[in-house]
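What follows is a short report on a single structure.
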Amino acid sequence: MKIEKTHIEGCYTITPKIFYDGRGYFFESYNHEKFTSFIGKNVDFVQDNQSFSTKGVLRGLHFQKGEYAQAKLVRVLQGKVLDVTVDLRKDSPSYLKVFTMELSDKNNTQVFMPRGCAHGFVTLSESAIFSYKCDNYYNKASEGGMLFNDPFFNIDWKFPEKELIISEKDLVLPTFKELKEDFIIKS
Ligand SMILES: Cc1cn([C@H]2C[C@H](O)[C@@H](COP(=O)(O)OP(=O)(O)O[C@H]3O[C@H](C)C(=O)[C@H](O)[C@H]3O)O2)c(=O)[nH]c1=O
């Protein structure tokens with residue numbers, strides 16, 4: 001597998017080595033030893049999530065606050081998404097930097113984002129199955145988020161805004177400037 005740094009500190013892309021043969025393909029979708037030795041720290045994933053979305057569905061930008069902040073290792077099992085990571089760690093050299101990447105069942109690339117980042121994706125294919133590991137459990141009371149089209153970040157979601165399908169909850173998320181101080185997580 002190839003693990004590469006991104007311009008967000010502690011955020012990496014992981015591209016597996018795929019073994020093709022007459023039956024199809026095989027790859028290791030996660031290897032704890034290879035991953036943690038490359039990033040130089042231990043990560044204990046405790047929860048796997050999976051979601052199905054149709055074309056134009058945008059989920060995010062989400063994070064969990066404080067002690068319930070989650071590092072995530074995200075990938076696409078079927079289809080294609082534009083994945084977005086925003087560094088909200090005030091003490092990070094990449095504070096407020098945005099990392100976007102197309103993840104698909106063709107590139108099989110994954111993104112690892114550390115605690116303290118906001119995350120979201122938009123579905124670019126007819127549908128997408130999104131699967132990810134979290135290193136902290138879901139905690140509803142700690143859920144937070146930022147409005148997907150906050151002009152402060154001006155994220156290009158590569159999808160016509162009027163055709164997006166967004167939950168009522170996400171449509172009323174605050175902008176970065178409206179976020180209370182405690183939403184900005186220290187790494
Ligand atoms: C996240 C989560 C949700 N839920 C329940 C709560 C709701 O009844 C239902 C749907 O939740 P939500 O609308 O928050 O799902 P998404 O919009 O896909 O949320 C995710 O979207 C972006 C992409 C993320 O990175 C986060 O992991 C997560 O916030 O699942 C759970 O039971 N456990 C969980 O870990």
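Atoms within each ligand, like the ligands themselves, are counted from 1 in listed order. Position 1 is the first residue of the sequence, and the numbers go up from there.
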### Message
Just to be sure I'm reading this right: ignoring hydrogens, which of H62, R59, E143 gets closest to atom 20 (C) of ligand 1? Compare them by their nearest heavy atoms.
### Response
H62
### Summary
Which of V81, I165, L164 passes side chain to side chain contact (heavy atoms under 4.5 Å, CB included) with V122? Answer is L164
#### Entry: Ring centre gap for H119 and F130 strictly below 6.0 Å
yes
### Message
Below 4.0 Å, non-hydrogen atoms only: which portion of F130 touches ligand 1? Side chain, backbone, both or neither.
### Response
neither
### Task
Run the numbers on N42 and H32 for side chain to side chain donor-acceptor pair (under 3.5 Å), then give the verdict.
CA-CA 9 Å; N42 187 47; H32 187 77; 3.0 Å; yes
### Message
For a quick test of reading the model, state the closest non-hydrogen atom pair linking Y137 to Y68 and the distance between them.
### Response
O-CD2, 4.3 Å
### Query
Would you say atom 17 (O) of ligand 1 has a protein heavy atom nearer than 4.0 Å?
yes
### Task
Salt-bridge test for E102 and K158: reply yes if a basic N is under 4.0 Å from a carboxylate O, no otherwise.
no
### Task
Give the atoms of ligand 1, by number and element, whose distance to some non-hydrogen atom of H119 is under 4.0 Å.
23 (C), 24 (C), 25 (O)
### Query
Should Q64 and N136 be marked as a side chain to side chain donor-acceptor pair (under 3.5 Å) after you check the CA-CA gap, both sets of side-chain angles, and the distance that decides it?
CA-CA 9 Å; Q64 290 192 167; N136 216 344; over 6 Å; no
### Task
Examine ligand 1 and decide if any of its atoms is less than 4.0 Å from a heavy atom belonging to Q64.
no
### Contact check: D170 vs ligand 1, nitrogen or oxygen atoms, below 3.5 angstrom
no
### Task
State whether a side-chain donor-acceptor pair under 3.5 Å links Q50 with D48.
no
#### Entry: Part of V74 with heavy atoms under 4.0 Å of ligand 1, whether side chain, backbone, both or neither
neither
### Task
Consider every N or O of Y138 and every N or O of ligand 1, then say whether any pair is closer than 3.5 Å.
no
### Message
Strictly less than 4.0 Å: does any protein heavy-atom distance to atom 7 (C) of ligand 1 fall in that range?
### Response
no
### Task
Examine Q70 against ligand 1 and note whether any of their N/O atoms are separated by less than 3.5 Å.
no
### Query
Is the shortest heavy-atom distance from the side chain of D135 to the side chain of Q70 under 4.5 Å?
yes
### Query
Is atom 10 (C) of ligand 1 less than 4.0 angstrom from some protein heavy atom?
no
### Query
Do R89 and D91 sit within salt-bridge range, that is, some charged N less than 4.0 Å from a carboxylate O?
no
### Query
Side chain, backbone, both or neither: which part of K140 has a heavy atom under 4.0 Å from ligand 1?
neither
### Task
For atom 27 (O) of ligand 1, decide whether some protein heavy-atom distance is shorter than 4.0 Å.
yes
#### Entry: Charged tip of K65 within 45° of F63 ring normal and under 6.0 Å
no
### Task
Any atoms of ligand 1 less than 4.0 Å from a non-hydrogen atom of Y132? List them with their elements.
20 (C), 24 (C), 26 (C), 27 (O), 28 (C)
### Task
Check each of E168, K72, K169, Q47 against atom 24 (C) of ligand 1 and report the one with the nearest heavy atom.
K72
